[in-house]
Amino acid sequence: MKYEQHNPLPIPKSGPYQSIQSTMDSVFDWQYELRRQNLMALYEKGKALSWNASDLDWSIDVDIERMTRERREAGVGGMLNQVLNPPRQLDDDELLQMNLHMNAWMLSQFLHGEQGALLASAKVVQQVPWEEAKFYAANQVADEARHVEVYHRYLTEKLGLSYEVNPHLGTLLDDILSDSRWDLTYLGMQIMVEGLALAAFGMQKLLMPEEPLIQDITTRIMADESRHVAFGVLSLEGLYTTELTSSELAEREEFIIEATHLMRDRLLMHQVYERLGWPVDEWVAWATNTPFMRGFRQMLFSKIVPNLKRLGLLTPRVRAEYEKLDLLRYEHLRDSVEDPEVAPPEELVQLLMGALAPQAEQAEQAASG
Ligand SMILES: [Fe+2]
Ligand SMILES: [Fe+2]
C-alpha cells in the first residue's frame, strides 16, 4: 500500500532501532493433536474475518480543526473547560491544540502498542507449546501488522502529527518481550496491554463521533483485538489455578501489579504538555487528580479486571492493590470469553456524553426538572 507520509514519526533519542535481549525456548509440538477446539474455532474465525487495510476509504478528509471549530460553535468549548477543569481556563485556540495533540498522542501510543503486539505475538508463535495456539498466534501476527499499517498511515497521511513511544509503555513492552516465560508474554500482551487497548479504542470511538475514517478503523481493530484478548484468556485458562507453585504465582502477581502501575502512569500524557510548552508539573498534577482524567484511566481497566478474575489471578494480593486503585468495581463485568463484543462500560459513555453533548444533557435536565 502506497501512501504519502506528510510528517514522519519522531525518532527516539536512542536511535531508529532498538534491540531487546531475551533468552527463550522455541518449542516444536510433534504431536499435532489440535485438541483445543476453542482455539481451533478462534483460528477459523480469525482467518475468515481478516480484512485489507487498503479497502478502507482513505479519500476521507480528516480535519480535526474543522471538527473542533464546529464543536465550539455548538458551545462545547466552555463546557469542556468545566468538565476537564484544567489548571487554568483555556481559550478556543488552546482547546484546539489540546484536542489535536491529545488525539495524536493517543493514536501514536496505539501505533507503538501495535508494534509491540506484532513482536509479542511472533514470540508466542515460537514459545507456546501447543500447535493450535501457534496457529492462532500466527494469525494474530498478520492482524498486528495490519494494525501498525493502518495507524501509521492515519498518523502520517491524515493527522501529520505524532509522538514517540511513551516511556512507561516502552518499559512495559520491554518487560513483555524480554521475559523468557511464555505465559508472561500472553499475560502482559493479551491480557494487560490488549485488554487496556480494547477499552481505549472504545473511548476513541466515543471521542471522535464525527470522524468516519477513525470510526471505521477502530471498529475493525476492536473486532480483531477482542479475539486476541479471548485468545489470551482461553490459552491461560486453568494454568494459574492448577499448575503453578506458590512462588511462581507470586511472580505473576508481581508482574500484574507492576504492569498496572506502568499502564496507569503512561496515561498522564506528560509528552503533550512538553510539546505544547505548558508547565509539565502543573499539568501532570492536573491529569493525576482531576475527576475526568481519573475516571478515564480507571475505566481502561474495565476489561482487564474480569479477565484476571476468570484466570484466577484476582488473588488476595492483587485484590489488595486493585482495591487501593479502586479497580475492583469492574470485577463483576463480563469477561472476554463471555462477551467477545466489546462495549465500553456505561459509566464511560455517560462521562463522555456529558463532556461532548452538554447542551443535550442540560436540556434534558431542564425538561425533567
Ligand atoms: Fe492490534
Ligand atoms: Fe492485538
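The structure displayed is predicted, hence computed values, not measured ones.
With respect to K303 and D335, no salt bridge is recorded, no charged nitrogen being found less than 4.0 Å from a carboxylate O. The pair D224-R146 meets the salt-bridge criterion, since a charged nitrogen lies less than 4.0 angstrom from a carboxylate oxygen. Using a 4.0 Å cut-off between a side-chain N of Lys or Arg and a carboxylate O of Asp or Glu, E331 and R319 qualify as a salt bridge. With respect to the salt-bridge test (charged N to carboxylate O, under 4.0 angstrom), the residues R88 and E282 do not qualify. Ion pairing of E70 with R66 is present here, as a side-chain N (NZ or NE/NH1/NH2) and a carboxylate O approach within less than 4.0 Å.
Side-chain contact between L56 and R220 is present, with at least one heavy-atom pair separated by less than 4.5 Å. At a threshold of 4.5 Å between non-hydrogen side-chain atoms, the residues K205 and M208 do not count as touching. Side-chain contact between K309 and H332 is present, with heavy atoms from C-beta onward closer than 4.5 Å. The shortest distance between side-chain heavy atoms of Q271 and E164 falls below 4.5 Å. Residues P87 and W278 are not in side-chain contact: their nearest non-hydrogen atoms beyond the backbone lie 4.5 Å or more apart. Between W283 and M269 there is no side-chain heavy-atom pair separated by less than 4.5 Å. The shortest distance between side-chain heavy atoms of I176 and L184 does not fall below 4.5 Å. Taking 4.5 Å as the limit, some side-chain heavy atom of Q5 sits within range of a side-chain heavy atom of P8.
In this structure a side-chain-to-backbone donor-acceptor pair under 3.5 Å is present from K134 to V128. At distances below 3.5 Å, at least one donor-acceptor pair connects side-chain atoms of E248 with backbone N or O atoms of T245. Under the 3.5 Å distance criterion, the side-chain polar atoms of E94 are matched with a main-chain donor or acceptor of D91. Proximity of a side-chain donor or acceptor of S235 to a complementary backbone N or O of G232 within less than 3.5 Å is not detected. Using a distance-only test at 3.5 Å, with no hydrogens or angles considered, a donor-acceptor pair links the side chain of K158 to the main chain of I60. Looking at E211, its side chain does come within 3.5 Å of a backbone N or O of L213 through a donor-acceptor pair. Between the side chain of N103 and the backbone N or O of N99 there is no donor-acceptor pair closer than 3.5 Å. The main-chain N or O of L267 is never found under 3.5 Å from a side-chain atom of Q109 such that the two would form a donor-acceptor pair. Of the possible polar contacts, one joining the W286 side chain to the N85 backbone as a donor-acceptor pair under 3.5 Å is found. A donor-acceptor contact shorter than 3.5 Å links the side chain of R297 to the backbone of A287.
In terms of heavy-atom proximity, H270 sits nearest to N166 at CE1-ND2, 4.0 Å. Contact between V229 and I191 at its shortest, heavy atoms only, is O-CD1, 4.4 Å. Across all their heavy atoms, M192 and I256 have their closest contact at CE-O, 3.8 Å.
Shown here is D281, whose CG atom has no more than 12 heavy atoms of other residues, nucleotides or ligands within 6.0 Å. Crowding of D25 atom CG: a count of heavy atoms from other residues, nucleotides or ligands under 6.0 Å not exceeding 12. Counting heavy atoms of neighbouring residues, nucleotides and ligands inside a 6.0 Å radius, atom CD of Q215 exceeds 12 of them. Counted within 6.0 Å of CD on E33, heavy atoms from surrounding residues, nucleotides or ligands total more than 12; the atom is thus considered enclosed.
For H101, the side chain to side chain donor-acceptor pair (under 3.5 Å) criterion is met by Y163, not counting sequence neighbours.
Within the structure, the ring pair (Phe, Tyr, Trp, His ring centres under 6.0 Å) test picks out the following pairs touching residues 166-185 (sequence neighbours left out): W130-W182, W182-Y186. Sequence neighbours left out, the pairs with a member in residues 182-191 that pass salt bridge (Lys or Arg N to Asp or Glu O under 4.0 Å) are D183-R252.
Cluster membership check: L239 shares its hydrophobic cluster with L234, using side-chain heavy-atom separations under 4.5 Å among Ile, Leu, Val, Met, Phe, Trp and Tyr. In the hydrophobic cluster analysis, where Ile, Leu, Val, Met, Phe, Trp and Tyr join through side-chain heavy atoms closer than 4.5 angstrom, L177 is grouped apart from L169. Under the 4.5 Å side-chain contact rule for hydrophobic residues, L236 and M24 do not share a cluster. Follow the hydrophobic side-chain contacts under 4.5 Å out from L42 and you reach W51 in the same cluster. Cluster annotation: W105 is connected to L276 through the hydrophobic network of ILVMFWY side chains, with a link wherever side-chain heavy atoms come within less than 4.5 Å.
Between F135 and Y43, the ring planes are tilted. Angles from 30° to 60° get that label.
The side chain to side chain contact (heavy atoms under 4.5 Å, CB included) with E225 is formed by just one residue from the set D143, T218, L198; it is L198.
Two rings, from F231 and Y136, have their centers less than 6.0 Å apart.
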